[in-house]
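Take a look at the structure below.
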Amino acid sequence: MTEILDKLEFFLADRGIYMLTFVLLAIGIYGMVVCSNYMKKLMCMNILQVSIIFFFLTFGQKEGGTLPVALAEVLQAEEYINPVPHALMLTAIVVSLGVTGVGLALLMKIRDIYGTIEEDEITGKGGGK
């Protein structure tokens with residue numbers, strides 16, 4: 001039993017971020033497809049964006065790497081981690097916040113016009129509740 005727990009602990013420590021990324025990606029896609037409430041779709045889109053940010057940030061790391069700051073004792077470029085994915089994901093976070101803000105503004109306008117944010121009621125495909 002302890003051998004199984006040791007293997008599970010090693011797997012989660014080694015590949016846990018990939019599992020988290022996959023679970024968040026699946027939740028985001030599932031919610032975008034299944035939910036008929038536009039607010040829920042917007043929240044699932046944010047979950048999807050977070051999973052993609054996690055995915056890219058994992059590529060910016062390497063075992064034994066150090067921060068990309070010039071150090072006297074580190075002379076080889078291979079010893080530094082790649083800062084580009086981190087910089088790109090900072091930009092992605094800002095864009096995500098902007099998209100969320102615009103999405104919320106559009107949802108408020110949709111609610112003002114139609115009186116609801118349920119997709120079925122707006123498109124007329126479901127008869128409402």
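The shown structure was predicted, so the numbers you read here are calculated from the model rather than taken from an experiment. Numbers here are sequence positions counted from 1.
The distance from atom OG1 of Thr116 to atom CZ of Arg111, rounded to the nearest 0.5 Å, is 10.0 Å. Here CZ of Phe55 is found 12.0 Å from CZ of Phe22. Values are rounded to the nearest 0.5 Å. With rounding to the nearest 0.5 angstrom, the CE atom of Met43 is 8.5 Å from the SG atom of Cys35. Annotation: the span from Ile52 atom CD1 to Leu24 atom CG amounts to 11.0 Å, rounded to 0.5 Å. Put simply, CD1 on Ile47 and CD1 on Ile29 are 12.0 Å apart, with the number rounded to the nearest 0.5 Å. Separation of atoms OH (Tyr38) and CG (Leu104) is listed at 15.0 Å; rounding is to 0.5 Å.
The cluster map of Ile, Leu, Val, Met, Phe, Trp and Tyr, joined by side-chain heavy atoms under 4.5 Å apart, puts Leu106 and Met39 in different clusters. Criterion: ILVMFWY side-chain heavy atoms under 4.5 Å apart, direct or through other members. Under it, Leu107 and Ile113 are part of a common hydrophobic cluster. In the hydrophobic clustering of this structure, Met45 groups with Val95; members are Ile, Leu, Val, Met, Phe, Trp, Tyr whose side-chain heavy atoms approach within less than 4.5 Å, directly or through other members. Taking hydrophobic clusters as Ile, Leu, Val, Met, Phe, Trp and Tyr residues chained together by side-chain heavy-atom distances below 4.5 Å, Ile27 does not share a cluster with Tyr30. Using a 4.5 Å cut-off between side-chain heavy atoms of Ile, Leu, Val, Met, Phe, Trp and Tyr, with links allowed through other members, Val23 and Tyr18 fall into the same hydrophobic cluster.
Looking only at side-chain heavy atoms (C-beta outward), Lys40 and Met32 stay at 4.5 Å or farther from each other. Side-chain contact between Tyr114 and Glu121: absent, with no pair of heavy atoms (C-beta onward) separated by less than 4.5 Å. Two residues are said to be in side-chain contact when any heavy atoms from C-beta on lie closer than 4.5 Å; Ile122 and Ile110 meet this criterion.
Considering all non-hydrogen atoms of both residues, Cys44 and Gly31 come closest at SG-CA, 3.3 Å. The shortest non-hydrogen separation linking Ser51 to Thr21 is O-CG2, 3.3 Å. A pairwise comparison of heavy atoms in Lys41 and Val33 identifies NZ-O, 4.5 Å as the closest pair.
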Hey, can you pull the donor-acceptor pairs under 3.5 Å for the side chains in residues 3-11, sequence neighbours left out?
unit_1, atom_1, unit_2, atom_2, d
Glu3, OE2, Lys7, NZ, 3.4

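Taking Thr100 as the reference, Asn46 meet the side chain to side chain donor-acceptor pair (under 3.5 Å) condition, with sequence neighbours excluded. The side chain to side chain donor-acceptor pair (under 3.5 Å) search around Asn37 returns Glu118, not counting sequence neighbours. Residues satisfying the side chain to side chain donor-acceptor pair (under 3.5 Å) criterion with Ser96, sequence neighbours excluded, are Gln49. Scored by the side-chain contact (heavy atoms from CB on, under 4.5 Å) test, Leu57 finds Ile53, His86, Met89 as partners (sequence neighbours excluded). Scored by the side-chain contact (heavy atoms from CB on, under 4.5 Å) test, Leu88 finds Val84 as partners (sequence neighbours excluded).
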